[in-house]
Amino acid sequence: MTDLTTLLEVGGSVAALGGGAAYARAKYPGLYWSTVGLPISTARLLSSYGSVMDACGLTVAPSRLRVLAVKATTRREVRPVPPRRGIIRPTSTGLRLRLRLAPGQEPADVAASAERLRHAWGVHAVYVSTVKPGVVELRLVGFDVLRRVRMPRKVDAGFLKVPVALREDATPFVRDYRTIPHQLTLGATLSGKSMYLRHLIAGLARQSVALVGIDCKRGVELAPFASRLSALATDPEQAAELLPVLVKEMEDRYDLIKARQGIAPDASDEEITSDIWGLPESERPVPVVLFVDEVAELFLVATKKEEERRDEMVTQLIRLAQLGRAAGIYLEVCGQRFGAELGKGATMLRAQLTGRVCHRVNDEASAKMALGDIAPEAVYAACAIAPERPGLAVAGDTSGGWSRIRTPYLSLGDAAEICRESAYLVPDLPALKPFRLDVPVRPVENPAPVVEPRPVTD
């Protein structure tokens, strides 16, 4: 009787542990991975590394010296050699290890076997990246990090860099305006596009940057951030007045750069520049980021007069996209729908927008307009986004790379509060003062540190 009671108690404890592990895996995947998933996956990897590599076709014939050494010391069968494995580094979301490829292998061979490695080692996903010639890094992700987004504590952010989302490989997606100056962001209603925009504005609000907005939905998206905006146009009429001012500001900055290029012949090469970042800090104008929300409203017309105004605005947007980078003017173009049928200039404008972020859209044509010239598989990934996952998007650029990302939640009130606390950072741009809303600036007792630009070394 005592043995039966003990057996029942042990069985109940095991059932309780199993139920607790299942609950933690469903509700707290990070905790489950750290306590249960990490040890199990590590043991699987260590015990089956050689056989898994052999099954995936990632082994090569041993060298003659190795064959002779094995035959001279043991009577074992000489087996193919897998890539040399480095130290396993556990993380809060998975594992990382480096592989030194065997002669004749390439990173594409390992990437092609990523799905097999995922199943063999019991992880959510495996991603392969090249570290240097002959060395690749495997990033094993233990669970779906996009289901409940938690940004890493340490993010390599800086001036004109905003960590705005999390990639599916658990690395942060950083919007870097110096690397990708202009971007097109698409998303249907309730797709998370506005959340993405909030993170961008909140991240730039604490930097020495001029923020300009065009929101043709009467300002309902950008008006809460008016305390930090240097200018805001809330309808096409105001946008038609604001865009020429920005073009004139761009031309004035080019005149400043040209004046700097016309310096004395005996000046050093370091003093000659082709953009504002080569100017001395005392002469360098502040960067400007232009947010265009619902860009389709700038294209839609009903009368002949509106068509002329539309053509002028589109031409000015294209000029800013073509020439604005060197003048420190960057574009963030957002909308629900973007296609060639919007009118003349739509395709040309898209060609100037290097970065692409596509949330869930209502039709395949919009996904193709955003990602079709990058990679066809990215279009299919964007069309497969479910409505139950707002904030999920496909991000890429014209280099051909793309990945799934998801933006963490940020309430409108919190983003607006960040802008109110940073209102003292609004730069003095006289040309934009007529377009700035009259919002009282709240005095800040302990302002957050301002992110300043670093000295230019390239």
Side-chain angles (χ1 to χ4, degrees), residues 156-165 167 171-187 193 196-197 199-201 203-204 207 209-214 243 246-247 250 253-254 274-277 287-293 295-296 298-299 314-335 337-340 342 345-359 361 366-379 381-382 393-405 407 453 456 458:
D156 185 18
F159 187 63
L160 288 176
K161 293 182 180 180
V162 182
V164 69
R167 297 180 186 269
T171 59
F173 174 75
V174 180
R175 176 72 175 95
D176 187 355
Y177 286 91
R178 294 286 299 275
T179 303
I180 301 178
H182 313 306
Q183 181 170 276
L184 173 65
T185 303
L186 297 182
K193 174 172 57 68
Y196 182 89
L197 193 61
H199 277 274
L200 282 178
I201 295 176
L204 291 171
Q207 304 186 20
V209 179
L211 305 181
V212 179
I214 295 178
L243 286 173
L246 291 175
V247 172
M250 179 185 68
R253 295 186 177 196
Y254 268 103
S274 60
D275 56 30
I276 65 168
W277 303 109
V288 178
V289 179
L290 172 61
F291 295 94
V292 182
D293 189 63
V295 65
L298 299 180
F299 283 85
V314 173
T315 301
Q316 290 156 354
L317 273 177
I318 294 174
R319 290 193 64 194
L320 289 173
Q322 287 180 333
L323 308 174
R325 183 208 61 82
I329 299 177
Y330 308 101
L331 268 62
E332 198 74 35
V333 179
C334 308
R337 178 79 172 86
F338 198 84
L342 287 179
T347 305
M348 187 175 181
L349 176 61
R350 184 200 64 161
Q352 304 298 327
L353 306 178
T354 306
R356 311 287 173 80
V357 173
C358 184
H359 295 77
V361 290
S366 293
K368 287 183 177 180
M369 193 68 175
L371 304 169
D373 56 340
I374 295 177
E377 58 270 20
V379 176
V394 176
D397 55 63
T398 50
S399 66
W402 65 277
S403 63
R404 294 180 182 87
I405 64 172
T407 309
V456 177
D458 53 353

(request) Can you sort out the partners of Arg337 under side-chain hydrogen bond (donor to acceptor under 3.5 Å, both in side chains), two or more places apart, ordered by chain and number? (result)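 Testing Arg337 for side-chain hydrogen bond (donor to acceptor under 3.5 Å, both in side chains), a comparison that skips the adjacent residues, returns Glu341, Asp363, Ser366.
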Using 0.5 Å steps for rounding, measure from the [atom1] atom of [X] to the [atom2] atom of [Y].
X	Y	atom1	atom2	answer
Cys334	Leu200	SG	CG	7.5 Å
Arg319	Thr315	CZ	OG1	9.0 Å
Arg325	Met250	CZ	CE	12.5 Å
Leu290	Leu243	CG	CG	7.0 Å
Phe291	Leu331	CZ	CG	10.0 Å

With a 3.5 Å distance limit and no angle check, can you tell me whether [X] reaches the backbone of [Y] through a side-chain donor-acceptor pair?
X	Y	result
Arg175	Ile180	yes
Arg350	Met369	yes
His359	Leu186	yes

(message) Using 30° and 60° as the class boundaries, would you call the ring planes of His182 and Tyr330 parallel, tilted or perpendicular?
(response)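 His182 and Tyr330: tilted rings.
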(request) Name the orientation class of the two ring planes belonging to Tyr196 and Phe173 (parallel below 30°, tilted from 30 to 60°, perpendicular beyond 60°). (result)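 Rings of Tyr196 and Phe173: tilted, as their planes differ by 30° to 60°.
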(request) Run the numbers on Val164 and Val174 for side chain to side chain contact (heavy atoms under 4.5 Å, CB included), then give the verdict. (result) CA-CA 6 Å; Val164 69; Val174 180; over 6 Å; no
(message) Which residue is it: Ile374, Ile405, Leu371? I am looking for the one with a side chain to side chain contact (heavy atoms under 4.5 Å, CB included) to Val394.
(response)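 Exactly one option meets the side chain to side chain contact (heavy atoms under 4.5 Å, CB included) with Val394, and it is Leu371.
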(request) List the steps and the verdict of side chain to side chain contact (heavy atoms under 4.5 Å, CB included) for Leu317 and Leu298. (result) CA-CA 10 Å; Leu317 273 177; Leu298 299 180; 3.9 Å; yes
Looking at [X] and [Y], what are the two nearest heavy atoms and their distance?
X	Y	value
Gly187	Lys193	O-CE, 3.2 Å
Phe159	Val209	CE1-CG2, 3.9 Å
Leu349	Ala321	CD1-CB, 4.3 Å
Val212	Leu246	CG1-CD1, 4.3 Å
Glu332	Gln183	OE2-NE2, 2.7 Å
Ala382	Ala367	CB-CB, 4.3 Å

(message) Checking Leu320 against Gln352 for the side chain to side chain contact (heavy atoms under 4.5 Å, CB included) test, could you report, in this order, the C-alpha distance in whole Å, the side-chain angles of both residues, the deciding distance, and whether it holds?
(response) CA-CA 9 Å; Leu320 289 173; Gln352 304 298 327; over 6 Å; no
(request) Apply the test side chain to side chain contact (heavy atoms under 4.5 Å, CB included) to residues Arg356 and Trp402: give CA-CA distance (whole Å), side-chain angles for both, the deciding distance (0.1 Å), then the verdict. (result) CA-CA 9 Å; Arg356 311 287 173 80; Trp402 65 277; over 6 Å; no
(message) Looking at Trp277, I'd like to know if the NZ or CZ of Arg178 sits under 6.0 Å from its six-membered ring centre while staying within 45 degrees of the ring's axis.
(response)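 Here Arg178 passes the 6.0 Å and 45° test against Trp277.
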(message) Counting C-beta onward and ignoring hydrogens, is there a side-chain heavy-atom pair between Val357 and Leu184 closer than 4.5 Å?
(response)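 No; the side chains remain at least 4.5 Å from each other.
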